[in-house]
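Taking it in order: structure first as structure tokens, then the write-up.
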Amino acid sequence: MDRQVRSPTVARLRYRSTVASGKRVVLVTGGTRGIGRGICERFVAAGDTVVTCGRNAPEAPARGVEFEAADVRDPDQVAQLIDAVTARHGRLDVVVNNAGGSPYSLAADASPRFSTAIVTLNLIAPLHVSQRANTVMQQQDGGGVIVNIGSVSGIRPSPGTAAYGAAKAGLINLTATLAVEWAPRVRVNCVTVGLVRTDQSALHYGDEEGVARVAATVPLGRMAEPSDVADVCAFLASPAAAYVSGANVVLHGGGERPAFLDAANAEHQ
């Protein structure tokens, strides 16, 4: 691996030249809806060439976003995905590992097959995508950037989604490790996301009133929008973050109000 230390000024000039010439290529996994779609739209707005992937093509793809069919849980399909992007565009500058998620299942009831599938999607798949992307980025001028989308489930208890929370915790450690192994040509960071309002929020929390009640528990008074997550990803992929690597950016609007405060206040009401 080339570990020659380059001037930050030179690195920024090369990056800006790449962006100005329209050559920055961005891959967002699972970018057909929700947070991933918002991330795709943010990079398109910046003038980047954006590719997303999923098992099935979206009915209404985001404007300006290319789609490749791929299941990121399958290493062979990941290899084909990265090869297709680089064959078409000649390089790969930014990867956002966004694909993930988990249905509700108590740990006592979850089958071994279920838990394995959740860990594979949320931890092993980002590793495989990152490994393949790193191979490309290490060999190209300007290196590259990898951003992993985590969850607050990885930094607090995650009842009902134990395997998911454990996988997201692992993703934070994976981020820090890859940032060390792949420096200085590839920067790797994580965005640990809290509550986000998407088109599925009302279904998850019952109705719009349920969404509002949950949003009121966030110190900033609202859930994040996909654009909030996208803005952080755009920053981490930009020259402004040239010295940011191995970081875990926690994006949760201030977190959760400690339950003991409400319990203590209840005694005086």
Side-chain angles (χ1 to χ4, degrees), residues 12 14-72 77-101 125-126 129-130 132-134 136-137 140-150 186-191 193 196-201 223-242 249 251:
R12 289 190 180 95
R14 286 181 176 175
Y15 181 93
R16 288 169 181 165
S17 176
T18 297
V19 174
S21 60
K23 294 181 180 178
R24 194 170 77 158
V25 179
V26 180
L27 170 64
V28 181
T29 66
T32 60
R33 59 189 176 89
I35 295 173
R37 187 182 181 101
I39 295 170
C40 286
E41 291 172 345
R42 178 64 176 79
F43 281 106
V44 168
D48 297 316
T49 297
V50 181
V51 183
T52 191
C53 66
R55 286 179 292 172
N56 302 299
E59 295 181 1
R63 185 175 181 180
V65 178
E66 300 176 13
F67 177 81
E68 288 284 336
D71 185 341
V72 293
Q77 292 190 43
V78 168
Q80 293 170 7
L81 169 66
I82 301 299
D83 289 348
V85 172
T86 54
R88 183 182 308 133
H89 299 293
R91 61 186 296 115
L92 178 58
D93 300 287
V94 180
V95 167
V96 181
N97 283 307
N98 169 75
V129 173
S130 297
R132 197 74 182 191
N134 174 66
V136 174
M137 292 173 175
Q140 69 187 11
D141 183 48
V145 179
I146 297 172
V147 180
N148 295 319
I149 303 300
V186 177
R187 293 190 295 108
V188 188
N189 291 291
C190 184
V191 183
V193 181
V196 182
R197 183 183 177 91
T198 68
D199 54 2
Q200 300 295 311
S201 294
M223 294 185 186
E225 299 290 339
S227 60
D228 292 312
V229 183
D231 286 344
V232 175
C233 292
F235 163 71
L236 291 173
S238 76
V249 180
L251 186 72

**OP:** Quick one: list whatever passes side-chain contact (heavy atoms from CB on, under 4.5 Å) with Q80, sequence neighbours left out.
**Re:** none
Subject >> Inter- and intrachain pairs under salt bridge (Lys or Arg N to Asp or Glu O under 4.0 Å), touching residues 228-238, at least two apart >> reply: R42-D231, R222-D228
**OP:** Ignoring hydrogens and angles, tell me if any N or O in the side chain of D93 forms a donor-acceptor pair with the backbone of V25 under 3.5 Å.
**Re:** yes
Original post:
Who are the side chain to side chain donor-acceptor pair (under 3.5 Å) partners of S130, not counting sequence neighbours?
Top reply: N97
Original post:
Does a side-chain heavy-atom distance below 4.5 Å link L27 with I82?
Top reply: yes
Subject >> Shortest non-hydrogen contact from A99 toward T29 >> reply: N-OG1, 3.0 Å
Original post:
Picking from V96, V44, V26, V50, what satisfies side chain to side chain contact (heavy atoms under 4.5 Å, CB included) with I39?
Top reply: V96
**OP:** Using the side-chain hydrogen bond (donor to acceptor under 3.5 Å, both in side chains) rule, collect all pairs that involve residues 58-72, keeping only residues at least two apart or in two chains.
**Re:** E66-R88, E66-H89, E68-R88, D71-R73
**OP:** Grab the two heavy atoms, one from L92 and one from T86, that are nearest each other, plus how far apart they are.
**Re:** CB-CG2, 4.2 Å
Subject >> Donor-acceptor contact below 3.5 Å, side chain T52 vs main chain V28 >> reply: yes
**OP:** Please identify each residue that fulfils side-chain contact (heavy atoms from CB on, under 4.5 Å) with P61, with sequence neighbours left out.
**Re:** P58
Original post:
Which pair of non-hydrogen atoms, one from R187 and one from L236, has the smallest distance, and what is that distance?
Top reply: NH2-O, 2.8 Å
**OP:** Can you sort out the partners of R33 under salt bridge (Lys or Arg N to Asp or Glu O under 4.0 Å), two or more places apart, ordered by chain and number?
**Re:** none
Subject >> Within-4.5 Å side-chain heavy-atom neighbours: V191 and N189 >> reply: no
Original post:
How far apart are the closest heavy atoms of D83 and R132, and which atoms are they?
Top reply: OD2-NH2, 3.3 Å
Original post:
What heavy-atom pair brings G38 and P226 nearest, and what distance separates the two atoms?
Top reply: CA-CB, 4.2 Å
**OP:** Answer yes or no: is there a donor N or O on one side and an acceptor on the other, between the side chain of R37 and the main chain of T32, under 3.5 Å?
**Re:** yes
Subject >> Which atom of N98 lies closest to which atom of I149, heavy atoms considered >> reply: CA-CG1, 3.8 Å
Original post:
Rounded to the nearest 0.5 Å, how far does CD1 of I35 lie from SG of C40?
Top reply: 12.0 Å
